[in-house]
Protein chains: 2
Amino acid sequence: MDAHRLLIFRQIAHSGSIAGAARSLGWTQPAVSQHLRHLERQVGMALVLRRPRGIQLTEAGTVLLRHADAIATRLHAADDDLDALAQLREGTVRLAAFPSASAALVPAAMSLLAQRHPGMDVRLREAEPPEALDLLATGEVDLALTFTHAGEHPADHPGLVRVVLGEDPVRLVLPRSHPHAHAAPPDQPVNLRLLSEERWIGGCERCTANLLQTCQDAGFVPDIRHSTDDYVVTQALIARGLGIGLLPQLALDAFRNPGVTVRVAAKLRPRTVHLIHHREADHIPAVRSAVRALHDTVSPLPPGSS
Amino acid sequence: MDAHRLLIFRQIAHSGSIAGAARSLGWTQPAVSQHLRHLERQVGMALVLRRPRGIQLTEAGTVLLRHADAIATRLHAADDDLDALAQLREGTVRLAAFPSASAALVPAAMSLLAQRHPGMDVRLREAEPPEALDLLATGEVDLALTFTHAGEHPADHPGLVRVVLGEDPVRLVLPRSHPHAHAAPPDQPVNLRLLSEERWIGGCERCTANLLQTCQDAGFVPDIRHSTDDYVVTQALIARGLGIGLLPQLALDAFRNPGVTVRVAAKLRPRTVHLIHHREADHIPAVRSAVRALHDTVSPLPPGSS
DNA sequence: ATAACCCCCAAGCAATACTTATGGCATGGA
DNA sequence: TCCATGCCATAAGTATTGCTTGGGGGTTAT
């Protein structure tokens, strides 16, 4: 059964004549006539009676018209649904992000997105970068927020595109009572070398690797006493004087223990935050708008553009 | 929304890859690939993600697939319905017939039809020939049984086909006690001239016209005392000796009053029974089968053929 | 009677649909 | 590691399809 011809037949049935259908289709009459003839040959039965003032449906034609109407309705429904997705009255984005971004960056972006497109549905899943990549590769999420530290070159998956969303500076975190906490103006970098005898707190696997690399650049090997990938725990330990550590600005934006002081330090290289998505993301409205919202959250529009 | 491409997309979605869809369609891979590209361009969104081992649906693709499946189901349902009509597991025929045919011929044909195609639905409407033609012309019935007397040439409507179904002999009907009722062997024609002084009973308008013509051929003008188009009434009148008349064999097959005798007579010309249908009737299975059944009822198959 | 409205058929041209040919990329086994 | 195999895409050529043009027949209304 040829769906296209079925819809032409529907036009014929509704307009009551072949010529009428041709008019409403913007065609000539023989064009429609030929389609009808082919359709009737295919089904092996007459679908209409040709009468002087137009056509009249046979029983088979009546039966077929019902189906044709149902199909036309479905096609319109499909158009409407796709239109809703295109105009972002609906649409889902599934996003995987690492913890500190999930806490600080993503909520802001989601809020911006909800404001722009109230009908959209954003779903966040917290995941460390390697897992986030897997989720993206298996299609469980549409977007992944990851980070790399300086010198790290990211593992790439086929079919995925990586764009730099921004830089996340790494800060030195000290107890409020620490001698270096207020030794100089807040914006003057601390020399890490002076902290080589401190007890340090490591973070996640890759953060700890970064800590080791940074200290090596500064000329010493840190004495890592504790390890946690939870920046609340890290700050709690620091506030109690159990060690000092490095934390990215995103984590500090998300949470700040009043018992700690944050300082910039020499040799601290920022980590890079990446946004990863499918090659086709530009052509998926919901994903595209989410990407835009994330970008706009990281680098807000210059003043004057509403 | 292009229904054809939508169904191709459905194949892609179900087979999980463009190449797979091409295989199941018997096409080459680029053919399917191009259709998908055109569809995606039309809807303005990506419908699938191209991944190394095949494709994966986007949100829009998932939405579209539901509609595509619904449409495919409808198309199959349409095929099934038409198939039922083609094979006469279903189907309706609306038939208009004049009274004596309705009583004698049509029930036999309907019974034959029911035996051949138990699922069929035949609907009879009794109507005199002129009305039957109108019903056919306005599409209220599919078939009309009419008759014409000798010399009458039938009014033709455009788009309708008239075929001769058979001849219906006209008989002389006398009271059982009438002098001519048994005056000679039953198959010897009576000379109408001998009945010129009788009282006659007329039938319907056209039957009465035929009576007048017949008598004129025989050389007299009949004395018509009563008129009825009901052959039961006619026979009741005759049985009571209130007149004599002419009746077609079909009417006598349908009903025979024991008080009358039927004779053949010279100059009596049979009436012709016509079957009228649309030009397209051959291509409407239900109508075609009804036409066949009527023919087979009038001229039964020669012995030896089941 | 002529105009207007149906419908059909046949032939020609233009758009579309499919094939062939080729290349890139990812995976899995020798 | 390299090659074989699977997926996909693009470009160009051909073949089919689809629509138009230009006939003609028929019925109805002015």
Side-chain angles (χ1 to χ4, degrees), chain A residues 2-9 11-13 15-42 46-58 61 133-134 136-139 155-161 278-280 283, chain B residues 2-9 11-13 15-42 46-58 61 133-134 136-139 155-161 278-280 283:
Chain A
D2 182 330
H4 184 218
R5 292 221 168 90
L6 194 53
L7 294 174
I8 295 171
F9 164 73
Q11 287 287 337
I12 296 172
S15 63
S17 71
I18 293 177
R23 275 190 299 272
S24 58
L25 288 167
W27 294 346
T28 57
Q29 174 265 320
V32 178
S33 181
Q34 285 169 50
H35 278 294
L36 177 58
R37 193 179 46 190
H38 285 141
L39 186 60
E40 285 185 317
R41 174 175 300 223
Q42 273 184 330
L47 295 174
V48 306
L49 302 177
R50 276 83 166 167
R51 333 203 69 255
R53 308 175 146 283
I55 59 95
Q56 188 179 353
L57 294 184
T58 63
L133 270 180
D134 283 344
L136 196 55
T138 58
D156 263 331
H157 278 236
L160 298 184
V161 175
H278 297 110
R279 220 184 314 116
E280 298 90 343
H283 302 109
Chain B
D2 182 331
H4 184 216
R5 292 219 169 90
L6 194 54
L7 294 175
I8 295 172
F9 164 73
Q11 286 288 336
I12 296 172
S15 62
S17 70
I18 294 178
R23 277 190 296 273
S24 59
L25 288 167
W27 293 348
T28 57
Q29 173 263 319
V32 178
S33 181
Q34 286 171 49
H35 277 294
L36 178 58
R37 192 177 49 189
H38 285 140
L39 186 60
E40 286 185 317
R41 172 174 303 220
Q42 272 184 330
L47 296 174
V48 306
L49 303 177
R50 276 79 168 169
R51 335 204 64 259
R53 309 176 146 284
I55 58 98
Q56 188 179 352
L57 294 184
T58 64
L133 269 180
D134 283 345
L136 196 55
T138 58
D156 264 331
H157 278 237
L160 299 184
V161 175
H278 297 109
R279 220 183 314 115
E280 298 90 343
H283 302 109

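Numbered from 1 within each chain, the chains take letters A, B, ... in sequence-line order.
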Exercise for review: Please state how far atom CZ in B/Arg279 lies from atom P in C/dC7, giving the value in whole angstrom units.
Suggested key: 12 Å

Check your understanding: With a non-hydrogen cut-off below 4.0 angstrom, is B/Ser17 in contact with a base, only sugar-phosphate, or nothing?
Key -> sugar-phosphate

Check your understanding: side chain to side chain donor-acceptor pair (under 3.5 Å) with A/Ser24: which residues, sequence neighbours excluded?
Key -> A/Gln11

Check your understanding: Mind checking what makes side chain to side chain donor-acceptor pair (under 3.5 Å) contact with A/Gln29, not counting sequence neighbours?
Key -> none

Practice item. Determine whether more than 12 heavy atoms belonging to other residues, nucleotides or ligands lie under 6.0 Å from atom NE2 of B/His283. Key: no

Review point. Less than 4.5 Å apart, any side-chain heavy atom of A/Phe9 and any of A/Asp2?
Key: no

Practice item. From the options D/dC19, D/dC7, C/dC6, select the nucleotide whose nearest atom is closest to the side chain of A/Ala31. Key: D/dC19

Review point. Within this structure, what is the NE2-to-C1' distance between B/His38 and C/dA15, rounded to whole angstrom?
Key: 12 Å

Review point. Are side-chain heavy atoms of B/Leu160 and B/His278 found at a separation under 4.5 Å?
Key: yes

Study note, to complete from the structure: Checking D/dG18, D/dC8, C/dC18 against the side chain of A/His35 (C-beta onward), the nearest is D/dG18

Review point. Looking at residues at least two apart in the chain, or sitting in another chain, which of them share a side chain to side chain donor-acceptor pair (under 3.5 Å) with B/Gln56?
Key: B/Arg51

Check your understanding: For D/dG18, does either OP1 or OP2 sit under 4.0 Å from a side-chain N or O belonging to A/Arg5?
Key -> yes

Practice item. Starting from C1' on C/dC6, measure out to CD on A/Gln56 and report it in whole angstrom. Key: 14 Å

Expected rows: protein N/O vs nucleotides 9-15 of chain D N/O, under 3.5 Å:
{"unit_1": "D/dA9", "atom_1": "OP1", "unit_2": "B/Arg50", "atom_2": "NE", "d": "2.4"}
{"unit_1": "D/dA9", "atom_1": "OP1", "unit_2": "B/Arg50", "atom_2": "NH2", "d": "3.0"}
{"unit_1": "D/dA9", "atom_1": "OP2", "unit_2": "B/Ser33", "atom_2": "OG", "d": "2.4"}
{"unit_1": "D/dA9", "atom_1": "N7", "unit_2": "B/Gln29", "atom_2": "NE2", "d": "3.2"}
{"unit_1": "D/dA9", "atom_1": "N6", "unit_2": "B/Gln29", "atom_2": "OE1", "d": "3.4"}
{"unit_1": "D/dT10", "atom_1": "OP2", "unit_2": "B/Arg37", "atom_2": "NH1", "d": "2.7"}

Exercise for review: Pick out which of B/Leu36, B/Leu39, B/Ile18 makes a side chain to side chain contact (heavy atoms under 4.5 Å, CB included) with B/Val48.
Suggested key: B/Leu36

Check your understanding: Between A/Thr58 (side chain) and A/Ala46 (backbone), is there a donor-acceptor pair under 3.5 Å?
Key -> yes

Check your understanding: Who passes side chain to side chain donor-acceptor pair (under 3.5 Å) against A/His38, sequence neighbours left out?
Key -> A/Arg5

Check your understanding: C/dC6 P sits how many Å from A/Ile12 CD1, rounded?
Key -> 13 Å

Exercise for review: Return the value, rounded to whole Å, for the distance between atom NE2 of B/His157 and atom P of D/dG26.
Suggested key: 18 Å

**Study point:** B/Trp27 CH2 - C/dA17 P separation (whole Å)
**Key:** 9 Å

Practice item. For B/Gly159 and for B/Gly16, locate the closest nucleotide of DNA chain D by heavy-atom distance; then report the residue assigned to the nucleotide nearer the 5' terminus. Key: B/Gly16

Practice item. Can you tell me the distance, in whole Å, between the CG atom of B/Leu39 and the P atom of C/dA17? Key: 12 Å

Practice item. Please report, rounded to the nearest Å, how far the C1' atom of D/dG18 is from the CD1 atom of A/Ile8. Key: 9 Å

Polar-atom pairs under 3.5 Å, protein N or O versus N or O of nucleotides 28-30 of chain D: list them with distances, or write none.
{"unit_1": "D/dT28", "atom_1": "O3'", "unit_2": "A/Arg53", "atom_2": "NH2", "d": "2.8"}
{"unit_1": "D/dA29", "atom_1": "OP1", "unit_2": "A/Arg53", "atom_2": "NH2", "d": "2.5"}

